Asker: 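Structure incoming, see below.
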Protein chains: 2
Amino acid sequence: MNTRAALQHAERLCKQRQARLTPQRRRVLQLVIEADKPIGAYELLEQMRDGERRPAPPTVYRALDFLLEQGLIHRIESLHAFIGCAHAGTRHTSQFLVCTDCGQVEEVCTADLGKTLQQEVQRSGFLPSRPVIELLGLCQDCNKRTY
Amino acid sequence: MNTRAALQHAERLCKQRQARLTPQRRRVLQLVIEADKPIGAYELLEQMRDGERRPAPPTVYRALDFLLEQGLIHRIESLHAFIGCAHAGTRHTSQFLVCTDCGQVEEVCTADLGKTLQQEVQRSGFLPSRPVIELLGLCQDCNKRTY
DNA sequence: AAGGTGTTGTTACTTTATAACACCCGGGTC
DNA sequence: GACCCGGGTGTTATAAAGTAACAACACCTT
Ligand SMILES: [Zn+2]
Ligand SMILES: [Zn+2]
Ligand SMILES: [Zn+2]
Ligand SMILES: [Zn+2]
């Protein structure tokens, strides 16, 4: 999905939910999507720089909080960075394949994995709310390049 | 496993591997184990305080790096904290059930989950090195208490 | 107009983590 | 012993990531 389509999709979703995708929030979303890989909050701030002036951290963190709540982006815990959601608007539990070499991250949804987790969780009485599943390693390209 | 046994186990392992579990590293390991829940680097530093003097951050981070390398502790990414490994010395891929209410964390090893991940990974050509699997939610006790 | 709610701007600060350099100690080598 | 070398430690300073608190504003409702 290209940037334009993703943004339009986001706008539709927010309209449906009566959530306000303000210009500022939209801009942050656009930057995250265009980065096409995990991008940190301070990197976003740099890209939002206007001449001498750079917005203060809360500006971007508030936008990111909104986008996270709306499920338009994900946070990659092991990288302290954010990435556009590949399935915005759908209920999904995703896993992230994080390449430690090139930095690329792929969002995958393995149904079986969700089921297995549910089973484990039911057995132990744990009630999950937010799963964090990240696999650090080498993507196919970087793996090939190693030979 | 109690603290004393865990420390003895750690010493045996390091001896086998010719890794140096120095007094300082041992002390940090002891503090992590005794905490019995995730503990942050700066919290450890406070506990290492000797009168007025508190060690500088690199002191504890270096010890933590060693303990991580030796597989004696785990890092909980979503908490920026560290916890003793419940299966030190064994090859294992573990998942962490993180209670967002009481802060307790349980380390579980679900074999099926490891298999499912391997399958997914093989399909996509991704070569995993470090899995980060954390389930945030409510532990059994806190869940019951909610009613 | 008055009040309420939500968004933004701004300052200051906290928490988490690392770079860089000096020092020391132990083991081998000459 | 003198020398070197490597790993571990102490120390200072700094980077990177995230938040509290308050003021200003915009928009909507009454
Ligand atoms: Zn997603
Ligand atoms: Zn790669
Ligand atoms: Zn473990
Ligand atoms: Zn709990």
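Just so it is clear, the model here is predicted, and its values are computed rather than measured. Order of the sequence lines fixes the chain letters, A, B, ..., with proteins taken first and strands second; residue numbering starts at 1 for each chain.
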Asker: Is the count of non-hydrogen atoms from other residues, nucleotides or ligands lying under 6.0 Å from B/Arg49 atom CZ greater than 12?
Answerer: yes
Asker: Can you classify the ring geometry of A/His80 versus B/His80 as parallel (below 30°), tilted (30 to 60°) or perpendicular (above 60°)?
Answerer: parallel
Asker: Treating B/Glu134 as the side-chain partner and B/Glu77 as the backbone partner, does any N or O pair qualify as donor plus acceptor under 3.5 Å?
Answerer: yes
Asker: Rounded to whole Å, how long is the line connecting atom CZ of A/Arg54 with atom C1' of D/dA16?
Answerer: 11 Å
Asker: Take the protein atom CG of B/Leu64 and the nucleotide atom C1' of D/dT9, then report the distance between them rounded to whole Å.
Answerer: 15 Å
Asker: Are the side chains of B/Thr110 and B/Thr93 in contact, using a 4.5 Å heavy-atom criterion?
Answerer: no
Asker: Can you tell me if CG on B/Asn2 sees more than 12 non-hydrogen neighbours from other groups inside 6.0 Å?
Answerer: yes
Asker: From CG of B/Asp50 over to P of D/dT11, roughly how many Å is that when rounded to an integer?
Answerer: 12 Å
Asker: Where along residues 22-29 of chain A does a heavy atom come under 4.0 Å from DNA chain C, residue by residue in number order?
Answerer: A/Thr22, A/Gln24, A/Arg25
Asker: Nearest whole Å is fine: how far is D/dA15 P from A/Leu45 CG?
Answerer: 17 Å
Asker: I need the CG-C1' distance between A/Leu21 and C/dG6, as an integer number of Å.
Answerer: 15 Å
Asker: Apply side chain to side chain contact (heavy atoms under 4.5 Å, CB included) to residues B/Cys85 and B/Glu107 and explain how you reach the verdict.
Answerer: CA-CA 8 Å; B/Cys85 173; B/Glu107 178 178 1; 4.0 Å; yes
Asker: Measure the spacing between CG of B/Leu64 and OG1 of B/Thr59 and express it to the nearest 0.5 Å.
Answerer: 10.5 Å
Asker: Between A/Arg75 and A/Leu68 (side chain of the first, backbone of the second, donor and acceptor by atom type, cut-off under 3.5 Å), is there such a pair?
Answerer: no
Asker: Rounded off to whole Å, could you give me the CD-to-P distance for the B/Gln70 and D/dG7 pair?
Answerer: 14 Å
Asker: Below 4.0 angstrom, N of the basic side chain to O of the carboxylate: do A/Glu69 and A/Arg17 qualify?
Answerer: no
Asker: Heavy atoms under 4.0 Å is the rule here; annotate nucleotides 15-24 of chain C 5' to 3' with B where the base is hit, S where only the sugar-phosphate is, and - elsewhere.
Answerer: -BBBBB----
Asker: Quick one: A/Gln18 CD to C/dT5 P, roughly how many Å, whole number?
Answerer: 17 Å
Asker: Going from CZ on B/Arg123 to CD on A/Gln140, what distance comes out if it is rounded to the nearest 0.5 angstrom?
Answerer: 13.5 Å
Asker: How many Å lie between CD on B/Glu77 and P on D/dA17, as a whole number?
Answerer: 13 Å
Asker: Which heavy-atom pair separates A/Val32 from A/Gly84 by the least distance, and what is that distance?
Answerer: CG1-N, 3.5 Å
Asker: Generate the contact string for nucleotides 23-30 of chain D. Rules: B means base contact, S means sugar-phosphate contact only, - means no protein heavy atom under 4.0 Å.
Answerer: --------
